[in-house]
Amino acid sequence: MTKKVKSLAEQALFASAIFILFLLLFESRIVVPAWVQSIGRMHPLFLHFPIVILLLAMAMELFRFNAANSTNEFYRDFLTNLLLVGLLSAGITVIMGLFLSKEDGYSGQVLQWHKWTGVLVFYLSCFIYWSRTKSWYKAPLAKSTAILTVFLLVGAGHYGAVLTHGDDFISGPIMKQTEAEPVALDQAMVYKDVIKPIFEQKCVSCHNPEKLKGQLSMATEEALLKGGKSGKLFKPGDPKASLLLQRIHLSEEDKKHMPPKGKTQLTTDEMTLLALWVKGRPDFNEKVIDLPPSDSLRQLASARFKSADPVQEIYQFAVADEETVQKLNNDYRTIAPLAKGSPALAVNLYNQSTYSAEKLQELSDIKSQIVSLNLNKLPVKDADLKTISQFENLQRLDLNFTDVTGQNLKELAKLPHLKSLTLSGTKVTYAHLQNQIRDFKSLQTVALWETKLTPSEIQQLQKAHKNITFIAGFKDDGSNPLTLNPPEIKNPSMVFDQSLALALHHPIKGVQIRYTTDGTEPDSIHSPVFNNKTVLTDRTTIKAKAYKDGWYGSSVATFDFFKSAYKPDSIILLQPLNRVHQADGPKSFFDRKLGTFNANSPAWANNWTGVRNNDMVVVSEFKKPITASSVALRIMIEEATGIFPPATVEVWGGTSPDQMKLLSTVKPKMPAKGDEHSLTNVTCTFKPQTVACLKVVAKPCTLPEWHGGKGKPGLVLVDEMFIN
């Protein structure tokens, strides 16, 4: 390296050290623009250069003071240049890493350890470079700093690997060899033993407390329920409306597809298990055997666990020739014993481009020992089934997403021991199965999700062949659009005084929201498009749906808005509230916080006031008289639990609490036996009156005899009052 080049490199090194120090000191104030983020993302690509160069440089520094090396000019110059190049590349790598750490999703202790060990490697190496020509820099210091740098370098690399691949990336292969025995079926938990392993293998490396991509952690049950930046991870009972299922079914080229392109993808079985888990309303404490025997999730999950019966199946055929098995094993085909010491073999074929019928015919030498054959996603034809029928001891056959049409299934009926057959994603039809399935002698399960068979046809097959379980699974062949989530409301309150600008929102970009205000259901053609210009001036019910090309329209979202023109200056309750339904006392009637039906929601516990054994009497006073013409009470009706409307609602008004007259009396309609629960307004109207004081009296009704009341009063629940 010439003196001029070396001088420029040293100046660049000094500038890098100052810039890194600046980034560290003002880290909390720095906002990284998008074009700089691209530079930061080159950190994983660039970091290998300084690692190798610095390791070599530190090894040479360790022996620099040896007699032979200390006088060797070439050794000295080469080491100087090597250390300088390593430092420059390390500085660039650290800067890239600091930029990358500013992106969303990077946080936690591991990130801090990775960052600071990397920074220490850089500055310690700088110390070595600038000090190595000083008179006080002797062999002991050179050796100790070189060894410390190597340790820090290994530590920085380790923490970087943990961030990228998870904390068991290095120890994973060893741990797999020391794993505990597979859990028995009767002890297996649906979440812990079926769903959680999928998340750990395919998701947690990017979604953990140390690396919160999308502000989402999937490491714990609590984090799964919390969701991330884009909302809840799943909607119990509705896979198609769940973000988890939407993301894993996106095209792999889509940037929102999960896992990201380049990462290990979910298998078809894993996606089906997740869909069935969400569809069945996730329970973190449920056992696999607690599910109904016919449940698709139970049937799929059961195959992953050993039977509780310790007796293993005994095979009558001989062990295959070991040399033959080794010869048949290659890059596109694996053959392994079903269990240690067992003569039974499991065969898996891979790679669509290399598959041919000959690959099956080559297995003829071990045809008696094959009990499990996996041909998933290979271009297997109907004609190939004749070859498969020669594997006389075959028990499990996976033909998922092959080119089999079902016309030649009779060939498989020749297999006397075939118990499990998977035909998901094939072109098999009801007619094919109806005509041929009866010929199978030992068949126990047939997987049929994502086929042309309808649920009713699968039910017919099940009814006709009770000894066989037909698994329908979560049926979505990918050709059907996903259903949009319903629109959301962004207004902080549904109660307003004079007017309110309606604020509808949808989390997915490019969605068109159509709405109505007349109680009818919106459609995608005639209903007005929401454009942020709608202003509400009276009580209004908004019904809204979301639409987007390539998606199914959402379900209808209904939002009730209420006008309350006046808020009292003081509110007094003349009689006590029910002990259970206190809410926030008198303030609750005008706090613009509406209650809900959901007893698990804070809006139930915090927003409903109630009376049962006495009247609800609310007195409101205004410092400045108002002109009012109506008072409305928002109430809950739930006949099944004894929550009834008041028998009567009276509104009194005047200039003071001592001078009031009756303005209006209303007798709400009582619910009939079996009526659905509802939230409704009881409105008392009267001629416009100028008043400074209003008194509202709601009298509980007597429950009807068919309700078992026998004179018992109903519960009156009120969350808000509206004065207009």
When you check the side-chain N and O atoms of [X] and [Y], is any donor under 3.5 Å from an acceptor?
{"X": "T680", "Y": "S678", "answer": "no"}
{"X": "T520", "Y": "D518", "answer": "yes"}
{"X": "D560", "Y": "T541", "answer": "yes"}
{"X": "S554", "Y": "Y547", "answer": "no"}

Indicate yes or no: does [X] engage [Y] in a salt bridge with an N to O separation below 4.0 Å.
{"X": "K545", "Y": "E521", "result": "yes"}
{"X": "D615", "Y": "K699", "result": "yes"}
{"X": "E270", "Y": "K202", "result": "yes"}
{"X": "R634", "Y": "D719", "result": "yes"}

Keeping the roles fixed (side chain from Y191, backbone from W277), state whether a donor-acceptor pair exists under 3.5 Å. no
Side-chain touch [X]/[Y], heavy atoms, less than 4.5 angstrom:
{"X": "L274", "Y": "L276", "result": "no"}
{"X": "N613", "Y": "P713", "result": "yes"}
{"X": "Q246", "Y": "N485", "result": "yes"}

Taking the inter-plane angle between the rings of F722 and F562 on a 0 to 90° scale, is it parallel (under 30°), tilted (30 to 60°) or perpendicular (over 60°)? parallel
I need the S630 OG to Q689 CD distance, nearest 0.5 Å. 12.5 Å
